[in-house]
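Inspection log for the structure reproduced underneath, given as structure tokens.
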Amino acid sequence: MVKEWYSLYDRMLSRDNLISAFRKVRSAKGAPGIDGESIKDFEADLEGNIDRLIAELWDKSYEPRAVLRVEISKTTGGVRKLGIPAVRDRVVQQALLGILQPIFDPYFHPSSYGYRPGRSCHQAILKASVFIRKYNRRWVVDMDLSKCFDTLDHELIISAFRERIKDGSILRLLERILKNGVMTGEGWQSSEVGSPQGGVISPLIANVYLDKFDQFIMNRGHRIVRYADDILILCGSKSAALNAFEQAKRYLEEELLLTVNVEKTHIVHSSVGVKFLGVEIHTGYTVIQRAKRS
């Protein structure tokens, strides 16, 4: 039976919680958002800024500022779009994360490793290696999602959170964060889908969203290792891998409204190496991936 949570919003009004949230934002560092206010600037009037946030959250007038969109060059070519919320909005997101993560994280699939407390990419690599070497799951579906964070459906996000969260004020705050828009070199753009990479709460949103996929795959007898949107499905035969790919693609695209990049999705045997999180996992050993020459 799913435990349901009510009356959570009062925690957002706690001065201690918001100050603790700021300290975590400060430790993570990061650039100013659209308003140009740095973490140091925010801290210079910390009490006043926290007071203003409490007042806005109390009377429900809080409106997140648009996320500053920046493009970061990938080592493999192309760019990754990152979103930088204003410092005040990062504080609110961090406080909200502190409320929601303990509610959802204990129920996530055990082979989900990305952006979870006490979990790492090294553990994900080890888990995939165990499936391959100990359990002979040597046919692997290496799935690639196109712009996963940017295409998460807002209605499905809120629906997934609503399964456990019954506090309407928390859900409305989450919806405001999702729909605050982005600022690019071309001006303000609405955000009808997606949760920007760079947002404090975006990794939790993605994990809540994709956990449904994890559970779907597990219930069909396949083994999965996922680190955010890096997904491996590990099977005992090529035919099982082909079947898993078709099931996974159908669920991701029809139920979660995501797009599988079929050109970058591969079914591969561990004898030739499975590329995952910067390494290649082979049947008997693991090596660091070679950097591509430009």
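Nothing fancy with the numbering, it's 1 onward along the sequence.
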Evaluation steps, salt bridge (charged side-chain N to carboxylate O under 4.0 Å, His left out), between Glu163 and Lys212: CA-CA 12 Å; Glu163 291 181 11; Lys212 292 186 175 297; 2.6 Å; yes

Show, in sequence, the C-alpha distance, side-chain angles and deciding distance for Gln215 and Asn219, and conclude whether the side-chain hydrogen bond (donor to acceptor under 3.5 Å, both in side chains) test is met. CA-CA 6 Å; Gln215 303 294 341; Asn219 290 337; 5.4 Å; no

Passes side chain to side chain contact (heavy atoms under 4.5 Å, CB included), Leu204 versus Tyr115? Steps please. CA-CA 7 Å; Leu204 176 65; Tyr115 308 110; over 6 Å; no

Walk me through it: do Leu234 and His222 pass the test side chain to side chain contact (heavy atoms under 4.5 Å, CB included)? CA-CA 7 Å; Leu234 301 104; His222 301 301; over 6 Å; no

Full working for side chain to side chain contact (heavy atoms under 4.5 Å, CB included) between Glu47 and Ile19: CA-CA 9 Å; Glu47 289 207 6; Ile19 290 176; over 6 Å; no

For side chain to side chain contact (heavy atoms under 4.5 Å, CB included), just list the numbers for Ser146 and Thr151, CA-CA rounded to whole Å, side-chain angles, deciding distance to a tenth of an Å, and then say yes or no. CA-CA 8 Å; Ser146 297; Thr151 57; over 6 Å; no

Before giving the answer on salt bridge (charged side-chain N to carboxylate O under 4.0 Å, His left out), spell out for Arg164 and Glu4 the whole-Å C-alpha distance, their side-chain angles and the decisive distance to 0.1 Å. CA-CA 5 Å; Arg164 293 186 181 275; Glu4 298 176 346; over 6 Å; no

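Between Asp144 and Val260 the shortest side-chain heavy-atom distance does not fall below 4.5 Å. Contact check for Leu258 versus Glu253: no side-chain heavy atoms found under the 4.5 Å cut-off. Between Tyr135 and Arg223, the closest side-chain pair of non-hydrogen atoms is not below 4.5 Å. Here the side chains of Leu97 and Lys24 are not in contact, with every heavy-atom distance at 4.5 Å or above. Residues Ile125 and Ser129 form a side-chain contact, since some pair of their non-hydrogen atoms from C-beta on lies under 4.5 Å apart. For the pair Val287/Val279, no side-chain contact is recorded, criterion being any heavy-atom separation below 4.5 Å from C-beta on. With a 4.5 Å cut-off on side-chain heavy atoms, Ser270 and His282 do not count as touching. Contact annotation: the side chain of Val193 never approaches that of Leu152 to less than 4.5 Å [non-hydrogen atoms, C-beta and beyond].
Cation-pi check for Arg119 over Tyr113 is met; the charged atom lies under 6.0 angstrom from the ring centroid and within 45 degrees of its normal. For the pair Lys60 and Trp58, the cation-pi test (distance below 6.0 Å, angle within 45°) is failed.
Within the structure, the ring pair (Phe, Tyr, Trp, His ring centres under 6.0 Å) test picks out the following pairs touching residues 6-35 (sequence neighbours left out): Phe22-Phe42. Listed by first then second residue, pairs satisfying ring pair (Phe, Tyr, Trp, His ring centres under 6.0 Å) with a partner in residues 246-281 read Trp139-His269, Phe216-Tyr251, not counting sequence neighbours. Listed by first and then second residue, the side chain to side chain donor-acceptor pair (under 3.5 Å) pairs that reach into residues 226-236 are Ser112-Arg226, Asn207-Arg226, Asp214-Arg226, sequence neighbours excluded. The list of ring pair (Phe, Tyr, Trp, His ring centres under 6.0 Å) pairs with a residue in residues 152-173, not counting sequence neighbours, reads Phe104-Phe161.
With Tyr62 contributing its side chain and Ala55 its backbone, the two residues share no donor-acceptor pair below 3.5 Å. For Asp167 (side chain) and Leu8 (main-chain N/O), a donor-acceptor pair under 3.5 Å exists by modelled atom type. Side chain of Asn49 to main chain of Asp45: a donor-acceptor pair is present (N/O by atom type, distance under 3.5 Å, no hydrogens or angles). In terms of modelled atom types and a separation under 3.5 Å, the side chain of Ser159 and the main chain of Glu155 share no donor-acceptor contact.
The distance from the CD1 atom of Ile233 to the CE atom of Met218 is 13.5 Å, given to the nearest 0.5 Å. Put simply, CD1 on Ile170 and CD1 on Ile99 are 4.5 Å apart, with the number rounded to the nearest 0.5 Å. A distance of 11.5 Å separates SG of Cys121 from CG of Leu126, quoted to the nearest 0.5 Å. Once rounded to the nearest 0.5 Å, the distance linking CZ of Arg23 with OG of Ser20 reads 7.0 Å. The line from CD1 of Ile231 to CG of Asp142 is 9.5 Å long, rounded to the nearest 0.5 Å. Separating the OG atom in Ser111 from the CD1 atom in Ile224 is a distance of 8.0 Å, to the nearest 0.5 Å.
Under the 4.5 Å side-chain heavy-atom criterion for Ile, Leu, Val, Met, Phe, Trp and Tyr, Val272 and Phe245 are members of distinct hydrophobic clusters. Residues Val87 and Ile50 share a hydrophobic cluster, clusters being chains of Ile/Leu/Val/Met/Phe/Trp/Tyr side chains in contact below 4.5 Å. Residue Val200 is not grouped with residue Leu68 when hydrophobic side chains (ILVMFWY) are merged at heavy-atom distances under 4.5 angstrom, including chains of intermediate members. Both Ile132 and Val225 are part of a single hydrophobic cluster, where members link through side-chain heavy atoms under 4.5 Å apart. Under the 4.5 Å side-chain contact rule for hydrophobic residues, Phe149 and Val67 do not share a cluster.
Within 6.0 Å of the NZ atom in Lys238, the count of heavy atoms belonging to other residues, nucleotides or ligands does not exceed 12. Under a cut-off of 6.0 angstrom, the local environment of CZ in Arg52 is crowded, with over 12 non-hydrogen atoms contributed by other residues, nucleotides or ligands. Environment of CD in Glu263: sparse, with no more than 12 heavy atoms of neighbouring residues, nucleotides or ligands closer than 6.0 Å.
Considering every non-hydrogen atom in both Pro85 and Gly199, the closest pair reads CG-CA, 4.0 Å. Closest approach of Asp35 and Ala86 over heavy atoms only: OD2-CB, 3.7 Å. Summarising the geometry of Ser271 relative to Thr283, their closest heavy-atom pair is N-OG1, 3.3 Å, with the distance given to 0.1 Å. Of all the heavy atoms in Lys249 and Val262, the pair that sits closest is CE-CG1, 3.6 Å. Smallest separation of non-hydrogen atoms from Leu277 and Ala124: CD1-CB, 3.9 Å. When all heavy atoms of Val141 and Ala244 are compared, the pair lying nearest together is CG2-CB, 4.5 Å.
Listed by chain and residue number, Asp41 satisfy the side chain to side chain donor-acceptor pair (under 3.5 Å) test with Ser38 (two or more places apart in sequence, or in another chain). Remark: Tyr107 pairs with no residue by the ring-ring contact (aromatic ring centres under 6.0 Å, His included) rule, at least two apart or across chains.
No side-chain donor from either of Thr259 and Lys147 sits under 3.5 Å from a side-chain acceptor of the other. Neither side chain, Asp89 nor Gln93, offers a donor N or O lying under 3.5 Å from an acceptor on the other. With hydrogens and angles left out, the side-chain atoms of Asp16 and Ser14 include no donor and acceptor closer than 3.5 Å. Between Arg133 and Thr286, the side chains place a donor N or O and an acceptor N or O closer than 3.5 Å (distance only, hydrogens not considered).
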